[in-house]
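No hydrogens, no waters, no symmetry mates; every other heavy atom, side chains included, goes into these values. None of the values given here were measured: they were computed from a predicted structure.
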Amino acid sequence: MATAVVLSATLFASGTATAAPSPSQAAVSPETKASLVKRGEYVARLGDCVACHTSPKGAPMAGGLELKTPFGTIYSTNITPDPKTGIGKYSFEQFDRAMRKGVAADGHNLYPAMPYPSYAKMTKEDMQALFAYLNAGVAPAVQPNRASDMKFPFNMRWGLGLWNAVFLDDKPFQPDAKKSAEFNRGAYIAQGLGHCGSCHTPRGMAFQEKTMGHLGGNGDKYLAGFTFDSWHAINLRSLWTPADIVSLLKTGRSQYGTAAGSMTEVITHSTQHFTDSDLSALAAYLHALPTDDKSRMARKQAPAPVPVAANDKAMYNSRGGLGYVQFCATCHRRDGRGVGDIFPTLAGNDSVQSKDPTTVIHIALSGWQSAVTQTSPRSFGMPSYATLSDNELAEILTFVRSQWGNRGEPVTPKQVAKVREELKLQQLAGSDTKTPRFAALLKEANAPQLVQGMRLMTETRQLLPKHVGNDINCSSCHLNGGTVAKGSPFLGVSAFFPAEAPRAGRVINLAERINGCFKRSMNGAPLPLEGAEMKAMVAYMDWMKGEYRPGDKVPGRGVAMIDRGIVPNPENGKKIYSEHCAVCHGANGEGIADANKTPVFPPLWGDRSFNIGAGMARTYTAAGFVKANMVMGHGQKFPLGQGNLSDQDAVDVAEYFSHMPRPDFPEKVKDWPKGGKPKDARY
């Protein structure tokens, strides 16, 4: 589901009242008041009050959240019961007028960034309950309101009275007698407290919602989708199945995708707390609304997403496909299905293939973070790819929008540039290492061989099952086909062979070095030195060498260095593993596999992991790798930068998982014949 835009804020403008609470509110019994406050708390959840009226690190409902609009900046106000800076002196009548008509207690008009046109549909009972909760269920907080910073002439509030006269319909919600109680409950939530139309309904010249419900002359435009603030809020009409809608609103994810942007806040603070009956009612209502979106109807009639094998031609013979393999497939997989409840599917994703590509461009440029819910208390994410050029992103997104049954139109570099400018993002420089691009393989005379070599590095187990004895690929350590700085990259590697190998005690060539990995890391059998597969892998690594020559200093080459004087603490390592690693590598180090039992993220110990002869079985080598490239969560710069664990944490977790039980390596007796065995070697 597309994100909500900032105009969904529940705002009270600055200004306090002097009237006393109405007698009807003061005369209720303690039991009735407690019940009313509890109901009001739920009403506040339905209205998502806390999301807009709570600033980062601020007291709940104390306001101060910056909300940008095309007309200037508004700051949410204090709606705690503090009598001086909050709404502690509001009477119910004043509160009701502010909520329904957008008029503050002192008589000035509120900006319709507060969705009072939607709240006008609330029942009197819900309004009374909300008022009771804000007065008795929220702790008062002394926090003065900040004045808005609106551009001329929008800073002249008298114009808001004219806006209300033309566009405000403050009649309460009227149920449709021809519809079921469930449909009407869903309509009440969507049109009223949920104010879904604030983001998902097209707006007119005066930025008014073109309709406030599904009935009337413009009723077909209600929830039909709207683009604002570099997000496209998708068409909610005739959306998915009710069960899928409920899943997204409760967990932040469904089989059609995952919430992004400020929609994650709506789910975190509001919809996940709805009762099951209210979620079902809202889902039934959205699903029942008819749509003339031909692409959506076509998608509903489309066959299941095309298997990945059928996409090989587009994936490995196009710049966009190869860009996807390099920068997206690790998490979203080659079949576009994502990884369980961690990384979202792209196949059949409505935001991905929407006619307006704004949201998918926005996410590619700025990154993504999932909603935090009771069912998924950990937030997952992807980094910003603003380091890629407009042309690269357009190629990749065009590929994504046209594969696995997706029916999206191509994305142009101009569209990417427009969103980048709106987000005030520059094409970032990235790390010291210039990441080689898989897409560039296609311009080479031996492109088929180079692409085969890249695939053998990234799909080793699948393509060479007779030579891999566990669930490891070359790219398990040499990330993204060896293109990631300090992630055992292939940059310049072939320029340094033939070379003396301390373990072998002699000079070896590149092919022999590759076979060493097949025997050690992948616990398998070596490739024939003159076979097509070995030649392809050597050719790919030789291409990756670029202009580097023996003796050159290659930025990012090898594995990040870690101070070997750090004393490992495996107990802390176990804790770090549980918090940061287990979600992808399994609670018992078993890794994650897809429905076809194909490894997604590799095991870190056990029979199917790398053996004790692998470099990652050594504490400080593994720690350097972990430090440079993990954790792959939101805020981390993988795969164009570095991770975010401390050196101590990296050493601790490396000590923990590298010394777990794993396959032996019989040829270990031949290692280091000239001495020089590392102190952290397993044997």
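- Side-chain atoms of Lys250 do not come within 3.5 Å of backbone N or O of Gln374 as any donor-acceptor pair.
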Derivation of the side-chain contact (heavy atoms from CB on, under 4.5 Å) call for Glu590 and Arg608
CA-CA 8 Å; Glu590 71 276 17; Arg608 303 299 298 175; over 6 Å; no
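- From Ser351, atom OG reaches atom CD1 of Ile363 across 6.5 Å, with rounding to the nearest 0.5 Å.
- Figure legend: Arg455 and Tyr316 shown as a cation-pi pair, the cationic atom lying under 6.0 angstrom from the six-membered ring centre and within 45 degrees of its axis.
- Residues Gly261 and Trp231 come closest through the heavy atom pair CA-CZ2, 3.7 Å.
- Taking the charged nitrogens against the carboxylate oxygens, Lys545 and Asp542 do have a contact shorter than 4.0 Å, which makes a salt bridge.
- Contact annotation: the side chain of Glu422 never approaches that of Ile361 to less than 4.5 Å [non-hydrogen atoms, C-beta and beyond].
- The backbone N or O of Pro526 sits less than 3.5 Å from a side-chain atom of His467, completing a donor-acceptor pair.
- Rounding to the nearest 0.5 Å places OG of Ser384 at 9.5 Å from CG of Leu423.
- Using a 4.5 Å heavy-atom threshold, the side chains of Thr483 and Phe438 count as touching.
- Residues Ile592 and Ile342 have side chains in contact (heavy-atom distance under 4.5 Å, counting atoms from C-beta outward).
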For the pair Met315 and Val325, evaluate side-chain contact (heavy atoms from CB on, under 4.5 Å) and give the outcome as yes or no after the intermediate values.
CA-CA 8 Å; Met315 182 169 288; Val325 170; 3.4 Å; yes
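- Looking only at distances, no side-chain donor or acceptor of Asp652 sits under 3.5 Å from a matching main-chain atom of Pro570.
- Looking at Asn473, Asp471, Asn470 one by one, the single match for side-chain hydrogen bond (donor to acceptor under 3.5 Å, both in side chains) with Arg461 turns out to be Asp471.
- Pairs of residues two or more places apart, or lying in two chains, that qualify as side-chain hydrogen bond (donor to acceptor under 3.5 Å, both in side chains) and include a residue from residues 439-454 are Glu444-Trp543, Asn446-Gln449.
- In this structure, the ring of Trp368 has its center no less than 6.0 angstrom from the ring center of Tyr385.
- Distance NZ/Lys313 to OG/Ser318: 11.0 Å, rounded to 0.5 Å.
- To the nearest 0.5 Å, atoms OG1 (Thr621) and CE (Met561) are separated by 8.5 Å.
- Looking at Arg506 and Glu512, a side-chain N of the basic residue comes within less than 4.0 Å of a carboxylate O on the acidic one, giving a salt bridge.
- Distance check, rounded to the nearest 0.5 Å: CG of Leu388 to CZ of Phe327 gives 5.0 Å.
- Contact annotation: the side chain of Thr258 never approaches that of Phe380 to less than 4.5 Å [non-hydrogen atoms, C-beta and beyond].
- When Val360, Thr358, Thr359 are each tested for a side-chain contact (heavy atoms from CB on, under 4.5 Å) with Val419, only one passes: Thr358.
- Closest approach of Lys627 and Ala650 over heavy atoms only: CB-CB, 3.8 Å.
- Checked by atom type, the side-chain pair Glu395/Asn391 shows a donor-acceptor distance below 3.5 Å.
- Applying the salt bridge (Lys or Arg N to Asp or Glu O under 4.0 Å) definition to pairs two or more places apart or across chains, those involving residues 547-565 are Arg564-Asp680.
- The backbone N or O of Pro498 sits nowhere less than 3.5 Å from a side-chain atom of Arg513 that would complete a donor-acceptor pair.
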Verdict with reasoning, Met522 to Cys474, per side-chain contact (heavy atoms from CB on, under 4.5 Å):
CA-CA 8 Å; Met522 291 178 280; Cys474 296; 3.8 Å; yes
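- Other residues, nucleotides and ligands place no more than 12 heavy atoms under 6.0 Å from the CD atom of Glu421.
- For the pair Thr264 (side chain) and Ala260 (backbone), a donor-acceptor distance under 3.5 Å is absent.
- Looking at Tyr540 and Leu456, their side chains never come closer than 4.5 Å, going by heavy atoms from C-beta outward.
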Residues Tyr324, Gln403; criterion side-chain contact (heavy atoms from CB on, under 4.5 Å); working and verdict:
CA-CA 11 Å; Tyr324 176 82; Gln403 297 302 301; over 6 Å; no
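- Side chain of Thr251 to main chain of Leu248: no donor-acceptor pair is present (N/O by atom type, distance under 3.5 Å, no hydrogens or angles).
- For the pair Lys670 (side chain) and Ala504 (backbone), a donor-acceptor distance under 3.5 Å is absent.
- Closest non-hydrogen pair, Leu510 versus Ser494, comes out as CD2-CB, 3.6 Å.
- Using a 3.5 Å distance cut-off with no hydrogens or angles, the side chains of Ser389 and Arg437 do not pair a donor with an acceptor.
- Note that CD of Glu265 and CD of Gln369 are 9.5 Å apart. Values are rounded to the nearest 0.5 Å.
- The backbone N or O of Val352 sits less than 3.5 Å from a side-chain atom of Arg401, completing a donor-acceptor pair.
- Lys677 places none of its side-chain heavy atoms less than 4.5 Å from the side chain of Pro502.
- Looking at every heavy atom in both residues, Arg662 comes nearest to Ser609 through NH1-OG, 3.3 Å.
- No donor-acceptor pair closer than 3.5 Å links the side chain of Asn572 to the backbone N or O of Asp649.
- Within a 6.0 Å sphere centred on CG of Asp607, other residues, nucleotides and ligands contribute 12 heavy atoms or fewer.
- Between Arg420 and Asp390 there is a salt bridge, with a side-chain nitrogen of the basic residue lying less than 4.0 Å from a carboxylate oxygen of the acidic one.
- Taking the side chain as every heavy atom from C-beta outward, Met534 and Asn515 approach each other to under 4.5 Å.
- Here the side chain of Ser488 pairs no donor or acceptor atom with the backbone of Val559 at under 3.5 angstrom.
- With Trp605 as the partner, the ring pair (Phe, Tyr, Trp, His ring centres under 6.0 Å) test is satisfied by one option alone out of Phe657, Tyr656, Phe610: Tyr656.
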For the pair Arg333 and Thr598, evaluate side chain to side chain donor-acceptor pair (under 3.5 Å) and give the outcome as yes or no after the intermediate values.
CA-CA 11 Å; Arg333 314 308 299 158; Thr598 300; over 6 Å; no
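- The two atoms that bring Ala394 and Pro413 nearest to each other are CB-N, 3.6 Å, heavy atoms only.
- Between His585 and Pro602 there is a side-chain heavy-atom pair separated by less than 4.5 Å.
- For the residue pair Thr345 and Gly336, the shortest heavy atom distance occurs at OG1-O, 3.1 Å.
- Side-chain atoms of Gln272 and Thr373 include no donor-acceptor pair closer than 3.5 Å.
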